[in-house]
Protein chains: 2
Amino acid sequence: MSVTRERIIELGENLILTKGYNAFSYQDISTELGIKNAAVHYYFPTKANLGTSIVKTNILRFEEMIDNMHSRGFDEWKQLDAFIKIYIKSHREQKLCIVGSLGPDFDTLNETTQSELVKMTELIVSWLTEILNSGKEKGYFAFNEDAGNKASMIFSSLVASLQLSRIIKNLDYKSYCQAIQEGLKP
Amino acid sequence: MSVTRERIIELGENLILTKGYNAFSYQDISTELGIKNAAVHYYFPTKANLGTSIVKTNILRFEEMIDNMHSRGFDEWKQLDAFIKIYIKSHREQKLCIVGSLGPDFDTLNETTQSELVKMTELIVSWLTEILNSGKEKGYFAFNEDAGNKASMIFSSLVASLQLSRIIKNLDYKSYCQAIQEGLKP
DNA sequence: TTGGAAACTTACTTATTAGTAAGTATTTTT
DNA sequence: AAAAATACTTACTAATAAGTAAGTTTCCAA
């Protein structure tokens, strides 16, 4: 694959996570990469193509992470911990996550980008639900709510707290994440 | 106050809650109101002015609601319930809340709009923290986390779940909100 | 009844946006 | 060595954005 193509996706993702989908332009990317506007259109004819590719890349990355954790024999605690660590990293880098950034702009997105975003979100929530369910069975976790609801709650807590910490600068993100984990202890 | 001015604010707020700040234009407003583009600029010279006014209106509305609940003698349960009901209504109307909509676009906002958004967010979180604290003392609520953390968690759950339900259409918002309240019962 | 403020419209400007058509240089394949 | 694919640039177009200056209508107060 082309290096330029990959750098466009990388830069585009960063722009979505910091400025938002509707606030970044092809000019932002081309200037940063030292190429012309039309060169970005060469790889991604429309902005919708780029958006879709960025979400697809995120899906792939997430699936790879799951595979990786399975092959390493991570238990439910470790898997949840690894997932939360992604968000702690994003917080450190002052970035949102792709779902939290594209979610509010959902209605302005192209249909294809929308369905990829739906796929990504459902993938995360269903994975989290499974982890919570099997972790509860094994006695790792304790909670009374429906596992699906609990998964949505944990996920939305992580997503929105990144947004909140952008507004409230002194939000203690780590202790906030610890509280999520503490709340699951038997 | 002018009716047109108020309708511009109302429409602008709706546009922010559905399309996002960077996706709506003065044209969207003027067309809907049957006036010209320049008429919107007459009331709000810049888009930043409009954005700031919209957030200020939200702050006022929230403060009025708190006052109203106090004068009606609402206890902590009823106050939290009323707060959650706002989000259930937003969900029904397929809207986000102002914090969840402007939060991701924070870095692209004017400084004045930013500081009003900070004010609004801190107002909500500190109010929620107080409610949780005094409600816990009176035995209405039970939780182990720090009240500030718990307040942030509840708030971000509400904010992000509106975003999530835009992506995952069959998310059961009401039972999700009930789970938040159940989790607080002693 | 006249002066002036309020509430606009007309008619623009400037900047930026996504997107394209046609051309060029470089590398790869045949 | 010729053909063709790759990776761009040049040079645009058309649309839309925010914003403004100057003029017009309407209404109210002195």
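Order of the sequence lines sets the chain letters (A, B, ...), proteins ahead of strands, with each chain counted from 1. Computation of the quantities below employed the complete heavy-atom set of this structure, encompassing side-chain atoms and omitting hydrogens, waters and symmetry-equivalent molecules.
Annotation: cation-pi pair B:Lys36/B:Tyr42 absent, no NZ/CZ under 6.0 Å from the ring centroid and within 45° of its normal.
A:Phe44 has its CZ atom 15 Å from the P atom of C:dA18, to the nearest Å. Atom CG of B:Asn49 and atom P of D:dG19 are 8 Å apart (whole Å). Atoms CZ (B:Arg5) and P (C:dC8) sit 13 Å apart, rounded to a whole Å. Rounded to an integer number of Å, the gap from A:Leu109 CG to C:dA18 P is 14 Å. Protein atom CG of A:Asn22 is 13 Å distant from nucleotide atom C1' of C:dA18, rounded to whole Å. If you take NZ of A:Lys47 and P of C:dT16, they are 15 Å apart, rounded to a whole angstrom. What separates CD1 of B:Ile29 from C1' of D:dG19 is a distance of 14 Å, to the nearest Å. Summarising the geometry, the separation between NE2 on B:His41 and P on C:dC12 is reported as 18 Å, rounded to the nearest angstrom.
Using cut-offs of 30° and 60° for the angle between ring planes, the A:Tyr87 and A:Phe155 rings count as perpendicular.
When the side-chain nitrogen and oxygen atoms of A:Ser25 are compared with OP1 and OP2 of C:dT16, none of them lie within a distance under 4.0 Å. Between A:Thr4 and D:dC8 there is a side-chain N or O to OP1 or OP2 distance below 4.0 Å. Applying the 4.0 Å criterion to OP1 and OP2 of D:dA18, one finds that B:Tyr26 has every side-chain N and O outside that range. Put simply, B:Tyr42 has no side-chain N or O that comes within less than 4.0 Å of OP1 or OP2 on D:dT20.
Taking every heavy atom of both residues into account, A:Ser156 and B:Ser161 meet most closely at CB-N, 4.0 Å.
Taking for each of B:Asn37 and A:Ile35 the nucleotide of DNA chain D with the nearest heavy atom, the 5'-most of the two is the partner of A:Ile35.
The environment of CD in A:Glu122 is crowded: more than 12 heavy-atom neighbours from other residues, nucleotides or ligands sit within 6.0 Å.
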